Amino acid sequence: MFKTLRNAFSLPELRKKMLYVVFIVVLYRIGAVIPVPYISADAMNYIMSYGDGSIFQYMSILSGTAFSRATLFALSISPYINASIIMQLLTTAIPALENLAKEEDGRKKITQITRYVTVALGLITAYGYYMYIRNIGVLLDNGVFAAIVIIACYTAGSSLIMWLGEKINENGIGNGISIILFSNIVSSGPTIIASLISYITSGTVAGVITAILSVLIGLFMVVFIVFITNSERRLPIQYAKRVVGRKMYGGQSSTLPLKLNMTGVMPIIFANSILALPSTIAMLFPTPEEGTFWYGFQQLFAYTSWLYVVLFFVLIVFFSYFYIAISFNPIEVSNNLKKNGGFIPGIRPGKPTADYITKVLNKITLMGAFFLAVIAVLPLAANIISGNTISGIAFAGTSIIIVVGVALETAREIEAQMTMRHYKGFLE
């Protein structure tokens with residue numbers, strides 16, 4: 001990967017795109033530390049240490065701690081991601097939008113609608129975030145004007161992040177939103193490293209073992225994620241021969257690649273959001289006394305509970321199948337093969353081909369779901385077994401999947417651009 005980056009940087013056009021991406025990321029990180037009016041610095045520190053194990057801590061990781069410090073980009077890319085998911089679901093469910101997605105002008109219209117939905121979701125999320133920080137009493141001014149300013153700042157911040165991501169797509173290299181998410185997670189690295197160092201220098205055997213175990217697990221997960229991400233099941237495709245005039249076409253062999261992890265990190269995001277609801281709702285109320293029913297109920301759904309780990313595992317598997325069902329259509333793939341004269345050897349075209357693809361897809365989806373579940377659950381289980389909690393390690397599985405996935409995707413795109421230019425250094 002580093003050799004690819006070095007070779008790509010020697011090309012003027014690719015160097016310009018890479019520097020543009022760095023420039024946008026720097027602008028984003030500057031926005032992530034700009035404070036919002038009417039929120040005190042003490043409140044930022046309070047929010048940073050508040051809500052351990054809830055969806056707020058998870059959003060803080062995805063926003064590069066901007067959410068926990070209540071800065072301009074506190075909402076991060078969540079509104080845009082949610083808007084994209086909503087439009088993807090509607091495109092699958094509504095035939096009119098599905099037809100639009102097949103045309104160039106139609107895709108532009110869908111993109112424009114996605115922007116409007118992002119602004120609407122940003123406004124709703126900003127209002128909810130404002131009510132949250134108001135309920136815990138961290139505002140300097142509870143007036144109407146202050147509320148309008150705070151909500152407007154967060155809504156504008158989420159819209160600006162969307163714009164920055166689209167600029168990377170247009171003038172840079174890689175997926176803009178993924179790169180911004182990548183930079184957010186990487187920015188939390190020094191905090192995790194500092195926590196590990198504090199455990200090592202604590203002088204206790206348990207602290208040293210916890211730090212070493214965390215590093216070994218992290219390295220194992222990186223290697224495992226790279227291996228699984230690049231794994232795929234290739235279905236053989238044979239194209240029938242056709243005679244057009246005096247020339248013969250077809251008769252070629254190809255493959256239909258099915259990625260082992262086709263869902264990416266989406267099942268983890270869905271499962272985490274659902275399991276965080278009890279803890280998040282409980283944060284809006286006074287802490288129950290120890291020994292009461294509500295105290296036990298709250299501890300049962302804390303991320304340090306084994307029930308949380310088991311439910312997390314099951315929900316990841318469930319949402320893996322759910323996401324595949326709405327994003328991949330075996331019938332459409334079968335019809336496209338039939339139209340182009342392609343078929344799977346030993347399988348009749350049409351419905352038998354669709355059934356065969358569905359059967360294979362169910363098997364590899366199960367493997368991919370177990371892969372995601374193990375990576376996401378392993379840090380949680382390690383924290384429970386060790387009896388120690390390092391800030392950020394609990395959600396390290398999700399973070400590592402995103403970081404490694406974005407890095408591999410960007411590297412592949414750089415290699416593809418270099419291959420198109422027939423770069424001699426790359427071919428060697």
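Because only heavy atoms are used, hydrogens play no part in the values below, and waters and symmetry mates are left out as well, while side chains stay in. The model shown is predicted, which means the values in this text are computed figures rather than measured ones.
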Under 3.5 Å donor-acceptor, S158 side chain and P79 backbone: no

With no hydrogens and no angle check, is any side-chain donor or acceptor of S84 less than 3.5 Å from a backbone partner on Y80? yes

Please examine the side chains of [Y] and [X], heavy atoms only from C-beta on, and report whether any two atoms are closer than 4.5 Å.
X	Y	answer
I400	I375	no
R233	K259	no
Y28	N184	yes
E232	R234	yes
L366	N362	no
M262	T365	no
F73	S63	no
L337	Y239	yes

Report, one line per pair, each donor and acceptor closer than 3.5 Å where one atom sits in a side chain of residues 222-230; sequence neighbours left out.
{"residue": "T229", "atom": "OG1", "partner": "I225", "partner atom": "O", "Å": "2.6"}
{"residue": "N230", "atom": "OD1", "partner": "R412", "partner atom": "NH1", "Å": "3.4"}
{"residue": "N230", "atom": "ND2", "partner": "V226", "partner atom": "O", "Å": "3.2"}

Can you confirm whether more than 12 heavy atoms, excluding those of L19, are under 6.0 Å from its CG atom? yes

Has M367 got more than 12 heavy atoms of other residues, nucleotides or ligands less than 6.0 Å from its CE? no

Do the rings of F312 and Y308 sit parallel, tilted or perpendicular, given the 30° and 60° boundaries? tilted

Verify the distance criterion only: is there a donor paired with an acceptor across the side chains of N142 and Y38 at less than 3.5 Å? no

For K351, enumerate each residue passing the side-chain hydrogen bond (donor to acceptor under 3.5 Å, both in side chains) test, keeping only those at least two apart in sequence or located in another chain. D355

Partners meeting side-chain hydrogen bond (donor to acceptor under 3.5 Å, both in side chains) with R107 (sequence neighbours left out): E104

Mind listing the side-chain donor-acceptor pairs of residues 170-181 below 3.5 Å, one per line with the distance, residues two or more places apart or on another chain?
{"residue": "N171", "atom": "ND2", "partner": "Y20", "partner atom": "OH", "Å": "3.3"}
{"residue": "N175", "atom": "OD1", "partner": "I177", "partner atom": "N", "Å": "3.2"}
{"residue": "N175", "atom": "OD1", "partner": "S178", "partner atom": "N", "Å": "3.0"}
{"residue": "N175", "atom": "OD1", "partner": "S178", "partner atom": "OG", "Å": "3.1"}

Identify the two heavy atoms, one from A126 and one from I151, that lie closest to each other, and give their separation to 0.1 Å. CB-O, 3.7 Å

Nearest heavy-atom pair of A66 and A32: which atoms, and what distance? CB-O, 3.8 Å

Show every ring pair (Phe, Tyr, Trp, His ring centres under 6.0 Å) that has at least one partner inside residues 327-366, sequence neighbours left out. none

Residue pairs involving residues 139-170 (criterion ring pair (Phe, Tyr, Trp, His ring centres under 6.0 Å); sequence neighbours excluded): Y129-Y154

